[in-house]
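Report on the structure given below.
For ligands, and for the atoms within them, numbers begin at 1 and follow the listed sequence.
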Amino acid sequence: MKLYYSPGACSIGIHVLLEEIGTPYEAEAVNLREGGQFQPAFTAINPKSKVPTLVRDDGSVLTEYPAIAVWLAGTFPEAKLLPQGADGLARALEFTDYAVATLHMQGFSRIFRPANFAPSEADHPAVKARGEEIFSKGLGVFDKALEGKDWLLGDFSFADSALFYLSFWWGDRLKKPLPANVAKHYERMKARPSVQRVLKAEGLA
Ligand SMILES: N[C@@H](CCC(=O)N[C@@H](CS)C(=O)NCC(=O)O)C(=O)O
């Protein structure tokens, strides 16, 4: 398998899952700042120009964070990235989709790329403020879900690595306070050897 990632991007959550699984894989950085995602060498693999992108051992390409997480959990059940049964899958996806589709795409994207939401620079402060509102509300939902629990679904699952990348962005990149349960979850994630290896590998340790 080969993961295309960018240091500190959402792909870090998938990078963590690969380390949790422990099977050999390659990882190649795509320089998003320099537009590497738009270069023909990368668009030939993923025409969506996005990371994470996973090339599997049979050469087929899998994109979209939740799809990659589901496939990894189902293909490597011994890594226990998912509670058993349909309900476990539904709950893990419920959290992961909320992380990716709402907090990331609707919240963080507004903060990080306001021009994608409003062409006029004069509107950017309002767009960013709305992004912070969406992200912050979402963290509140995760905080409540973590009440009295170490992990979102009781045991560690792929939903936790999705929350990890959001906590990394909010707490470490934007230097904003995380709600109490999410902050403890973030510390728990950083204590996992898989996360420590990934932070080092992505040059973020
Ligand atoms: N819907 C995609 C979103 C992935 C995404 O937005 N990735 C960002 C990095 S966090 C990216 O590759 N951005 C490059 C770009 O938009 O040019 C997924 O779930 O994987």
>> For the backbone of Arg56 and the side chain of Ser60, can you confirm whether one donor and one acceptor N or O come within less than 3.5 Å of each other?
In response: no
>> For Tyr165 and His104, which I'm curious about, is there any donor-acceptor pair between the side chains at under 3.5 Å?
In response: yes
Sequence neighbours left out, cut at 3.5 Å: what donor-acceptor pairs do the side chains of residues 194-205 make with other protein atoms?
| residue | atom | partner | partner atom | Å |
| --- | --- | --- | --- | --- |
| Ser194 | OG | Glu20 | OE2 | 2.5 |
| Gln196 | NE2 | Lys190 | O | 2.9 |
| Arg197 | NE | Glu19 | OE1 | 2.5 |
| Arg197 | NH2 | Glu19 | O | 3.4 |
| Arg197 | NH2 | Glu19 | OE1 | 3.3 |
| Glu202 | OE1 | Gly8 | N | 2.8 |
| Glu202 | OE2 | His15 | ND1 | 2.6 |

>> Using the side chain to side chain contact (heavy atoms under 4.5 Å, CB included) criterion, which residues pair with Gln106? Sequence neighbours excluded.
In response: Arg110, Ile134
> Can you name the residues that come within less than 4.0 Å of ligand 1, going by heavy atoms only?
Replying inline: Ala9, Cys10, Leu32, Gln37, Phe38, Ser49, Lys50, Val51, Pro52, Glu64, Tyr65, Pro66, Val100, His104, Met105, Trp169
> Under a 4.5 Å cut-off applied to non-hydrogen side-chain atoms, are Phe117 and Asp123 in contact?
Replying inline: no
Solution key, residues 136-145 side-chain donor-acceptor pairs under 3.5 Å, sequence neighbours excluded:
| residue | atom | partner | partner atom | Å |
| --- | --- | --- | --- | --- |
| Asp143 | OD1 | Asn181 | N | 2.7 |
| Asp143 | OD1 | Val182 | N | 3.0 |

